[in-house]
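Each remark here refers to the structure printed beneath this line.
A quick note: this is a predicted structure, and the numbers were derived from the prediction, not measured.
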Amino acid sequence: MNRLPVVAVVGRPNVGKSTLVNRIVGGRPAVTEQMPGVTRDRREFPADWAGRDFLIVDTGGWELTPGEPLSSAVRAQAEAAIHAADAVVFVVDATTGIADDDAGVVNLLRNADVPVVLAANKVDEGGRHDLVDELWSIGLGRPYGVSAIHGRGMGDLLDAIIDVLPKDTAAAEESALPRIAIIGRPNVGKSTLLNLLLDEDRVIVSERPGTTRDPIDAVVSIDGREYRITDTAGIRRKPQITEDSDFYAVLRAREALADSDAAILLIDAIDGVTHQDQRIVSEVIEAGGSLVILLNKWDAIDEEQRELTERSVGERLGFVSWAPVMRMSALTGARTKRIGPALEAVLENRRRRLGTGQLNRLVRSWTASHPPPVRKGRRPKVQYAVQAATAPPTFILFVSGGELGDDYLRFVENRIRQEIDLTGCPVRVIPRIKSRQE
């Protein structure tokens with residue numbers, strides 16, 4: 001699978017970043033509102049222009065002096081998006097000129113090794129084009145006057161974005177490697193596992209939790225197939241994050257997870273599955289990555305502890321019963337030969353498709369034998385179904401006459417899993433209420 005180039009959209013609050021993203025993507029995938037600060041987390045959407053596919057990332061507003069911890073987190077997310085991007089679209093409000101927050105973003109971009117396209121938004125019909133020309137003075141190249149809400153000037157802006165995206169074929173070949181994130185709580189053996197796969201001490205391993213701060217990328221060959229594997233910092237619970245370095249380490253670990261095709265979750269077999277492991281698995285599902293679960297340090301526990309650990313897997317990870325679970329020791333290498341086949345299988349499964357005709361025949365039989373329950377006095381009816389995407393497999397149910405509950409969506413997911421092998425993959429089943437016009 002080719003890794004698409006990434007374009008991050010950044011700027012201070014309320015300059016129209018999400019509106020611009022919606023205009024580029026089509027539709028309204030990004031939330032927009034007049035009140036600043038609606039967008040907090042980064043959101044990534046596929047886009048294309050002139051035959052070139054790319055991912056566009058909507059970020060929260062960057063503030064020079066954030067007034068609360070949440071604003072600081074939003075700022076950190078925006079900065080992380082810049083460093084992970086192949087190109088940046090810097091959005092400013094052409095009606096107000098450069099504010100202090102804008103100037104802070106300018107300084108940040110000048111120090112970042114990434115091409116920048118300057119979008120002067122809110123240039124509506126009869127707008128002040130002289131204000132756009134004044135933006136040349138900030139030293140980021142040509143300002144492109146646009147109106148995200150009306151679509152004016154978007155063609156020229158998109159042409160400029162495509163022009164600065166990387167064209168290095170060697171980089172494209174390397175980026176085509178499947179990306180795997182090794183994740184888990186601190187000190188469960190993530191770096192030990194990467195060193196084992198590399199057959200070298202590439203990563204510092206210590207008994208002290210939190211030794212790994214920055215994600216470590218390495219190309220690893222497993223059973224003759226190459227992967228780009230990222231060793232991440234241990235993902236801690238919020239009360240345990242006491243330093244800025246811890247915060248950024250966890251943030252970068254989550255970024256590596258979001259950018260990966262699959263995750264290897266290491267669980268300390270001595271401790272069994274913890275509540276934090278449950279939270280990490282939920283993040284994998286949210287990111288849409290495939291999942292392989294490894295119970296590490298298996299050789300360090302006795303039979304009684306093994307039974308307790310096995311029980312904790314069933315009790316606390318029952319919601320991902322579709323994920324393969326393996327027992328191993330990263331320290332000795334015991335049972336690690338099974339990692340390659342497991343990765344190969346879950347990556348193949350995330351590309352599987354059900355034909356539209358077959359899917360609708362199945363859905364009709366499921367709803368006939370097990371109709372959706374009545375909700376709020378109305379029984380919904382599934383009119384039509386499509387598989388909208390792979391990686392992860394995503395199915396949309398067009399519904400009339402009411403709403404489908406989460407329990408019924410899980411029922412449909414389970415039936416889909418019975419039809420095709422989706423071991424190791426999250427499945428998204430999304431209801432869409434059909435309007436009267438539709």
- [ ] Answer yes when Arg179 and Asp259 have at least one side-chain N-carboxylate O distance shorter than 4.0 Å, and no when they do not.
- [x] yes
- [ ] Might you point out which heavy atoms bring Ile285 and Pro426 nearest each other, and give the distance in Å?
- [x] CG2-CB, 4.4 Å
Task: Side chain Thr59, main chain Val9, donor-acceptor under 3.5 Å - done: yes
Open item on the list: For the backbone of Leu294 and the side chain of Arg327, can you confirm whether one donor and one acceptor N or O come within less than 3.5 Å of each other?
Closed with: no
- [ ] Give a yes or no on whether the backbone of Val15 and the side-chain of Asn121 come within a donor-acceptor separation of less than 3.5 Å.
- [x] yes
- [ ] Check whether more than 12 heavy atoms from other residues, nucleotides or ligands sit under 6.0 Å from atom CG of Leu409, and answer yes or no.
- [x] yes
- [ ] Classify the side-chain pair Tyr408/Glu413 by whether it contains a donor and acceptor separated by less than 3.5 Å.
- [x] no
TODO: Mark yes or no for whether Thr332, through its side chain, and Ala334, through its backbone, hold a donor-acceptor pair below 3.5 Å.
DONE: yes
Task: Pairing of Arg12 and Glu63 as salt bridge, 4.0 angstrom limit - done: no
- [ ] Please determine, by modelled atom types, if Thr309 and Gln305 share a side-chain donor-acceptor pair under 3.5 angstrom.
- [x] yes
Task: Val123 to Gly145 - nearest heavy-atom pair and separation - done: CG2-CA, 4.0 Å
TODO: Could you please spell out the steps behind the side-chain contact (heavy atoms from CB on, under 4.5 Å) verdict for Trp322 and Leu291?
DONE: CA-CA 9 Å; Trp322 42 262; Leu291 177 64; 4.2 Å; yes
Task: Thr390 OG1 to Leu422 CG distance, which is reported to the nearest 0.5 Å - done: 11.0 Å
- [ ] Taking all heavy atoms of Leu362 and all of Ser365, pick out the closest pair and write down the distance.
- [x] O-OG, 2.6 Å
- [ ] For residues Arg23 and Ala148, report the shortest heavy-atom separation together with the two atoms involved.
- [x] NE-O, 3.0 Å
Task: Expected output: side-chain Asp48 to main-chain Gly51 donor-acceptor under 3.5 Å - done: no
- [ ] State the CD1-CG distance between Ile267 and Asn296, to the nearest 0.5 angstrom.
- [x] 10.5 Å
- [ ] Please report the C-alpha distance between Arg352 and Asn349 in whole Å, then the side-chain angles of each, then the deciding distance to 0.1 Å, and finally whether the side chain to side chain donor-acceptor pair (under 3.5 Å) criterion is met.
- [x] CA-CA 5 Å; Arg352 293 189 186 279; Asn349 291 344; 2.9 Å; yes
TODO: In sequence, state the C-alpha distance, the side-chain angles, and the governing distance for Leu197 and Tyr227, and then conclude on side-chain contact (heavy atoms from CB on, under 4.5 Å).
DONE: CA-CA 11 Å; Leu197 296 174; Tyr227 303 88; over 6 Å; no
Open item on the list: When you measure from the side chain of Asp277 to the backbone of Val273, do you find a donor-acceptor pair of N or O atoms at a distance under 3.5 Å?
Closed with: no
Task: Minimal non-hydrogen separation, Ala119 against Leu157, with atom names - done: CB-CD1, 4.0 Å
Task: Donor-acceptor pair, side chain of Glu226 and main chain of Val220, under 3.5 angstrom - done: no
Open item on the list: With rounding to the nearest 0.5 angstrom, report the OH to CG distance, Tyr144 to Leu158.
Closed with: 11.0 Å
TODO: Start with the C-alpha gap between Arg185 and Asp271, add the side-chain angles, then the distance that decides, and say whether salt bridge (charged side-chain N to carboxylate O under 4.0 Å, His left out) holds.
DONE: CA-CA 11 Å; Arg185 297 181 293 113; Asp271 299 333; 3.4 Å; yes
- [ ] Output yes when Lys122 and Asp93 qualify as a salt bridge under the 4.0 Å nitrogen-oxygen rule, no when they do not.
- [x] yes
TODO: In sequence, state the C-alpha distance, the side-chain angles, and the governing distance for Ser400 and Gln383, and then conclude on side chain to side chain donor-acceptor pair (under 3.5 Å).
DONE: CA-CA 7 Å; Ser400 63; Gln383 301 282 2; 2.6 Å; yes
Task: Polar contact flag, side-chain donor to acceptor under 3.5 angstrom, Arg361-Gln358 - done: no
TODO: Quick one: closest heavy-atom pair of Ala85 and Val114, and the distance?
DONE: O-CG2, 3.7 Å
TODO: Give the C-alpha distance, both sets of side-chain angles, the deciding distance and a yes or no for side-chain contact (heavy atoms from CB on, under 4.5 Å) between Lys297 and Met328.
DONE: CA-CA 6 Å; Lys297 309 179 186 178; Met328 50 150 277; over 6 Å; no
Open item on the list: Determine whether a donor-acceptor pair (N or O, by modelled atom type, separation under 3.5 Å) exists between the side chain of Arg350 and the backbone of Gly289.
Closed with: no
TODO: Report yes if some heavy atom in the side chain of Trp62 is under 4.5 Å from a heavy atom in the side chain of Pro13; otherwise report no.
DONE: no
TODO: First locate atom CG of Asp199, then atom OG of Ser221, and finally report the distance between them rounded to the nearest 0.5 Å.
DONE: 11.5 Å
TODO: Output the distance between atom OG1 (Thr192) and atom CG (Leu196), rounded to the nearest 0.5 Å.
DONE: 9.0 Å
Open item on the list: Measuring from atom CD1 of Ile270 to atom CH2 of Trp298, what distance do you get when rounded to the nearest 0.5 angstrom?
Closed with: 11.5 Å
Open item on the list: Show, in sequence, the C-alpha distance, side-chain angles and deciding distance for Val313 and Leu295, and conclude whether the side-chain contact (heavy atoms from CB on, under 4.5 Å) test is met.
Closed with: CA-CA 9 Å; Val313 172; Leu295 301 179; 4.1 Å; yes
